[in-house]
Amino acid sequence: MKKLVFSIAAILVSISSFAVVANPGVVGDGKTPVSDSQVITLTANLKTTLALQLDTKGITFDFVSLDDYKNGLGKDGGYTSVGAVSSTSNWNLSAKAVSDFKHSDGTTIMPLNNVGLSVAYNGKKAIQNNTTAAPLALAKTERILIGHDGKNPNAGDFSDNGFTVKWEMGTKRGDMNGATLFDQDLKKGTYTTQVQFIATEVMK
(Lines give C-alpha, C1' and ligand atoms only; values in the text may rest on other atoms or scores of the structure.)
Protein backbone atom coordinates (compact mmCIF):
# COMPACT_ATOMS: atom_id res chain seq x y z
CA MET A 1 0.00 0.00 0.00
CA LYS A 2 2.89 2.41 0.83
CA LYS A 3 4.48 1.63 -2.53
CA LEU A 4 1.22 2.43 -4.34
CA VAL A 5 0.87 5.77 -2.55
CA PHE A 6 4.48 6.61 -3.27
CA SER A 7 4.02 5.76 -6.97
CA ILE A 8 0.92 7.99 -7.30
CA ALA A 9 2.73 10.86 -5.59
CA ALA A 10 5.68 10.46 -7.96
CA ILE A 11 3.37 10.60 -10.97
CA LEU A 12 1.69 13.78 -9.70
CA VAL A 13 5.07 15.41 -9.12
CA SER A 14 6.12 14.47 -12.68
CA ILE A 15 2.92 15.94 -14.18
CA SER A 16 3.34 19.17 -12.19
CA SER A 17 6.95 19.47 -13.29
CA PHE A 18 5.92 18.98 -16.95
CA ALA A 19 3.22 21.66 -16.66
CA VAL A 20 5.73 24.15 -15.32
CA VAL A 21 8.16 23.41 -18.15
CA ALA A 22 5.45 23.48 -20.85
CA ASN A 23 3.92 26.77 -19.68
CA PRO A 24 6.34 28.48 -17.35
CA GLY A 25 4.55 31.88 -17.57
CA VAL A 26 6.35 35.05 -16.56
CA VAL A 27 8.60 34.97 -13.53
CA GLY A 28 9.24 38.25 -11.78
CA ASP A 29 12.39 39.29 -10.00
CA GLY A 30 10.52 41.25 -7.37
CA LYS A 31 11.94 44.55 -8.59
CA THR A 32 9.99 45.30 -11.80
CA PRO A 33 6.28 44.76 -12.62
CA VAL A 34 5.45 41.49 -14.35
CA SER A 35 3.38 41.52 -17.58
CA ASP A 36 2.41 39.17 -20.37
CA SER A 37 0.64 39.77 -23.70
CA GLN A 38 -1.02 38.08 -26.69
CA VAL A 39 -1.95 39.52 -30.14
CA ILE A 40 -5.29 39.17 -31.99
CA THR A 41 -5.58 40.23 -35.65
CA LEU A 42 -8.44 42.67 -36.35
CA THR A 43 -9.87 42.83 -39.90
CA ALA A 44 -12.47 45.21 -41.39
CA ASN A 45 -14.02 44.43 -44.79
CA LEU A 46 -15.59 47.52 -46.38
CA LYS A 47 -17.96 46.20 -49.04
CA THR A 48 -20.14 48.19 -51.41
CA THR A 49 -23.93 48.00 -51.37
CA LEU A 50 -25.62 49.74 -54.30
CA ALA A 51 -29.28 49.81 -55.38
CA LEU A 52 -31.14 51.64 -58.15
CA GLN A 53 -34.85 52.48 -57.92
CA LEU A 54 -36.58 53.56 -61.13
CA ASP A 55 -40.12 53.87 -62.41
CA THR A 56 -39.94 51.45 -65.35
CA LYS A 57 -43.29 52.35 -66.90
CA GLY A 58 -42.84 52.67 -70.66
CA ILE A 59 -42.56 56.04 -72.41
CA THR A 60 -44.65 56.61 -75.55
CA PHE A 61 -44.23 59.55 -77.92
CA ASP A 62 -47.29 60.08 -80.12
CA PHE A 63 -46.43 62.20 -83.17
CA VAL A 64 -49.66 63.46 -84.67
CA SER A 65 -49.50 67.06 -85.84
CA LEU A 66 -47.11 68.76 -88.22
CA ASP A 67 -45.87 70.77 -85.25
CA ASP A 68 -44.98 67.53 -83.45
CA TYR A 69 -42.90 66.38 -86.40
CA LYS A 70 -41.13 69.72 -86.84
CA ASN A 71 -40.48 70.68 -83.21
CA GLY A 72 -40.43 67.38 -81.40
CA LEU A 73 -41.98 66.28 -78.12
CA GLY A 74 -40.83 66.48 -74.52
CA LYS A 75 -38.89 69.71 -74.52
CA ASP A 76 -41.26 70.96 -71.82
CA GLY A 77 -40.49 67.98 -69.58
CA GLY A 78 -43.79 66.20 -70.12
CA TYR A 79 -42.22 62.73 -70.31
CA THR A 80 -40.49 61.68 -67.08
CA SER A 81 -39.29 58.70 -65.03
CA VAL A 82 -38.59 59.08 -61.30
CA GLY A 83 -35.71 57.26 -59.62
CA ALA A 84 -33.15 57.23 -56.82
CA VAL A 85 -29.83 55.62 -55.90
CA SER A 86 -28.81 54.16 -52.53
CA SER A 87 -25.12 53.39 -52.22
CA THR A 88 -22.36 53.06 -49.63
CA SER A 89 -19.84 54.25 -52.23
CA ASN A 90 -19.60 56.98 -54.84
CA TRP A 91 -21.62 56.23 -57.97
CA ASN A 92 -22.46 57.22 -61.55
CA LEU A 93 -25.77 56.81 -63.37
CA SER A 94 -25.59 56.03 -67.07
CA ALA A 95 -28.02 54.97 -69.79
CA LYS A 96 -27.86 53.13 -73.10
CA ALA A 97 -30.19 51.65 -75.69
CA VAL A 98 -30.32 47.87 -75.54
CA SER A 99 -31.16 47.60 -79.25
CA ASP A 100 -31.82 49.61 -82.39
CA PHE A 101 -34.96 51.74 -82.63
CA LYS A 102 -36.77 49.23 -84.83
CA HIS A 103 -40.04 49.50 -86.75
CA SER A 104 -42.76 46.90 -86.22
CA ASP A 105 -41.95 45.61 -89.72
CA GLY A 106 -38.79 44.14 -88.17
CA THR A 107 -36.33 45.79 -90.54
CA THR A 108 -36.74 49.58 -90.72
CA ILE A 109 -34.55 51.50 -88.26
CA MET A 110 -34.95 54.97 -86.76
CA PRO A 111 -31.77 56.74 -85.56
CA LEU A 112 -31.46 56.44 -81.78
CA ASN A 113 -30.17 59.99 -81.47
CA ASN A 114 -33.65 61.31 -82.15
CA VAL A 115 -34.15 60.67 -78.42
CA GLY A 116 -32.54 62.85 -75.77
CA LEU A 117 -32.18 62.30 -72.01
CA SER A 118 -31.66 64.83 -69.27
CA VAL A 119 -31.82 64.49 -65.49
CA ALA A 120 -33.14 66.82 -62.81
CA TYR A 121 -31.33 65.91 -59.59
CA ASN A 122 -33.29 66.62 -56.39
CA GLY A 123 -30.97 64.93 -53.92
CA LYS A 124 -28.78 66.37 -51.19
CA LYS A 125 -25.30 65.46 -52.45
CA ALA A 126 -22.88 67.34 -54.64
CA ILE A 127 -22.86 65.65 -58.05
CA GLN A 128 -21.84 66.23 -61.63
CA ASN A 129 -24.79 66.58 -64.01
CA ASN A 130 -23.75 66.08 -67.62
CA THR A 131 -27.22 67.06 -68.87
CA THR A 132 -27.54 70.50 -67.29
CA ALA A 133 -26.84 72.45 -70.48
CA ALA A 134 -28.59 70.09 -72.90
CA PRO A 135 -29.88 66.52 -73.14
CA LEU A 136 -27.59 63.68 -74.16
CA ALA A 137 -28.58 61.76 -77.27
CA LEU A 138 -29.51 58.10 -76.78
CA ALA A 139 -26.89 55.62 -78.02
CA LYS A 140 -26.03 51.94 -77.75
CA THR A 141 -22.98 52.82 -75.67
CA GLU A 142 -23.30 53.94 -72.04
CA ARG A 143 -23.50 57.66 -71.49
CA ILE A 144 -23.04 59.00 -67.95
CA LEU A 145 -25.96 61.26 -67.07
CA ILE A 146 -25.19 62.20 -63.45
CA GLY A 147 -22.78 61.03 -60.78
CA HIS A 148 -19.58 61.61 -58.87
CA ASP A 149 -17.96 65.00 -59.41
CA GLY A 150 -14.46 63.70 -58.72
CA LYS A 151 -14.04 65.23 -55.26
CA ASN A 152 -17.23 65.27 -53.18
CA PRO A 153 -18.78 62.01 -51.94
CA ASN A 154 -22.26 61.22 -53.28
CA ALA A 155 -22.80 58.02 -51.30
CA GLY A 156 -26.10 58.00 -49.42
CA ASP A 157 -29.55 56.47 -49.22
CA PHE A 158 -32.52 56.90 -51.57
CA SER A 159 -33.61 60.12 -49.87
CA ASP A 160 -30.14 61.59 -50.48
CA ASN A 161 -30.00 60.78 -54.20
CA GLY A 162 -33.37 61.28 -55.87
CA PHE A 163 -33.68 62.29 -59.53
CA THR A 164 -36.11 62.63 -62.43
CA VAL A 165 -35.21 61.49 -65.94
CA LYS A 166 -36.65 63.76 -68.64
CA TRP A 167 -37.23 62.30 -72.10
CA GLU A 168 -37.56 64.15 -75.37
CA MET A 169 -37.68 63.20 -79.03
CA GLY A 170 -37.16 65.13 -82.24
CA THR A 171 -36.23 68.38 -80.48
CA LYS A 172 -32.73 68.58 -82.06
CA ARG A 173 -31.20 69.82 -78.81
CA GLY A 174 -27.65 69.12 -77.61
CA ASP A 175 -26.06 66.32 -79.63
CA MET A 176 -29.40 64.90 -80.73
CA ASN A 177 -30.19 64.36 -84.41
CA GLY A 178 -30.03 67.74 -86.15
CA ALA A 179 -32.82 66.95 -88.60
CA THR A 180 -36.49 67.06 -87.66
CA LEU A 181 -38.55 63.90 -87.86
CA PHE A 182 -40.44 65.63 -90.65
CA ASP A 183 -37.25 66.15 -92.69
CA GLN A 184 -36.05 62.59 -92.01
CA ASP A 185 -39.18 61.33 -93.77
CA LEU A 186 -39.26 58.14 -91.72
CA LYS A 187 -41.60 55.27 -92.48
CA LYS A 188 -44.80 55.76 -90.50
CA GLY A 189 -45.69 53.20 -87.84
CA THR A 190 -44.49 52.08 -84.42
CA TYR A 191 -40.80 52.03 -83.46
CA THR A 192 -39.60 50.49 -80.22
CA THR A 193 -36.40 50.02 -78.26
CA GLN A 194 -35.44 49.45 -74.63
CA VAL A 195 -33.26 51.77 -72.59
CA GLN A 196 -31.13 50.42 -69.74
CA PHE A 197 -30.15 52.59 -66.79
CA ILE A 198 -27.03 51.51 -64.86
CA ALA A 199 -25.83 52.69 -61.46
CA THR A 200 -22.11 51.93 -61.10
CA GLU A 201 -19.67 52.25 -58.22
CA VAL A 202 -16.89 54.77 -58.78
CA MET A 203 -13.65 53.04 -57.79
CA LYS A 204 -10.88 55.04 -56.16
Side-chain angles (χ1 to χ4, degrees), residues 3-58 80-99 112 117-133 135-167 175 193-204:
K3 290 183 177 180
L4 178 59
V5 172
F6 177 77
S7 298
I8 292 174
I11 292 172
L12 291 174
V13 170
S14 297
I15 293 174
S16 298
S17 299
F18 176 77
V20 170
V21 172
N23 186 19
V26 179
V27 179
D29 59 8
K31 298 178 181 179
T32 57
V34 173
S35 66
D36 195 7
S37 67
Q38 297 291 336
V39 175
I40 294 177
T41 299
L42 181 64
T43 302
N45 294 315
L46 303 183
K47 298 184 179 181
T48 297
T49 300
L50 187 151
L52 171 64
Q53 284 184 346
L54 189 64
D55 175 8
T56 56
K57 181 180 179 181
T80 60
S81 301
V82 177
V85 171
S86 176
S87 178
T88 57
S89 68
N90 296 321
W91 54 273
N92 286 332
L93 178 70
S94 60
K96 69 174 183 177
V98 176
S99 61
L112 286 168
L117 300 171
S118 58
V119 177
Y121 180 75
N122 53 23
K124 305 171 185 176
K125 301 292 183 175
I127 65 156
Q128 178 172 312
N129 190 335
N130 296 324
T131 69
T132 299
L136 296 181
L138 182 62
K140 284 200 286 187
T141 55
E142 282 188 45
R143 307 201 69 183
I144 297 176
L145 304 174
I146 60 173
H148 191 230
D149 64 4
K151 54 183 179 180
N152 298 297
N154 64 346
D157 60 24
F158 290 123
S159 64
D160 293 322
N161 289 307
F163 60 85
T164 299
V165 177
K166 297 181 179 182
W167 305 79
D175 60 351
T193 187
Q194 291 182 317
V195 180
Q196 182 180 21
F197 288 82
I198 308 106
T200 305
E201 176 186 8
V202 176
M203 305 294 289
K204 289 187 177 181

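Looking at Thr131, its side chain never comes within 3.5 Å of a backbone N or O of Leu145 through a donor-acceptor pair. Not a single donor-acceptor pair under 3.5 Å links the side chain of Asn90 to the backbone N or O of Val202. Judged by distance alone, the side chain of Lys125 and the main-chain N or O of Pro153 form no donor-acceptor pair under 3.5 Å. Checking side-chain atoms of Asp175 against main-chain N and O of Ala137 turns up a donor-acceptor pair under 3.5 Å. With hydrogens and angles ignored, the 3.5 Å screen pairs a side-chain donor or acceptor of Asn129 with a backbone N or O of Val119. With hydrogens and angles disregarded, no donor-acceptor distance shorter than 3.5 Å links the side chain of Asn152 to the backbone of Ile127. When atom types are taken as modelled, the side chain of Thr193 and the backbone of Ser99 share a donor-acceptor pair closer than 3.5 angstrom.
Annotation: the span from Ile144 atom CD1 to Glu142 atom CD amounts to 8.0 Å, rounded to 0.5 Å. Atom NE2 in His148 sits 11.5 Å away from atom CD in Glu201 (nearest 0.5 Å). To the nearest 0.5 Å, atom NZ of residue Lys57 and atom OG1 of residue Thr80 are 10.0 Å apart.
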Yes or no on side-chain contact (heavy atoms from CB on, under 4.5 Å) for Lys96 and Thr141, after CA distance, side-chain angles and deciding distance? CA-CA 6 Å; Lys96 69 174 183 177; Thr141 55; 5.9 Å; no
Any chance you could lay out the side-chain contact (heavy atoms from CB on, under 4.5 Å) test for Lys124 and Ser159, step after step, and finish with the verdict? CA-CA 8 Å; Lys124 305 171 185 176; Ser159 64; 4.3 Å; yes
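Using cut-offs of 30° and 60° for the angle between ring planes, the Tyr121 and Trp91 rings count as tilted.
Nearest heavy atom pair, residue Ser81 against residue Trp167, reads OG-NE1, 3.0 Å. Considering every non-hydrogen atom in both Ala97 and Leu138, the closest pair reads N-CD1, 3.7 Å. For the residue pair Gln53 and Phe163, the shortest heavy atom distance occurs at O-CZ, 4.4 Å. For the residue pair Gly162 and Ala84, the shortest heavy atom distance occurs at CA-CB, 4.0 Å. When all heavy atoms of Ala51 and Phe158 are compared, the closest pair comes out as O-CE2, 3.6 Å. Residues Leu52 and Leu93 come closest through the heavy atom pair CD1-CD1, 4.1 Å.
Of the residues Leu54, Val165, Thr164, Asn122, the one that meets the side-chain contact (heavy atoms from CB on, under 4.5 Å) test with Val82 is Thr164. Of the listed residues (Asn154, Asn161, Asp157, Ile146), just one forms a side-chain contact (heavy atoms from CB on, under 4.5 Å) with Val85, and that residue is Asn161.
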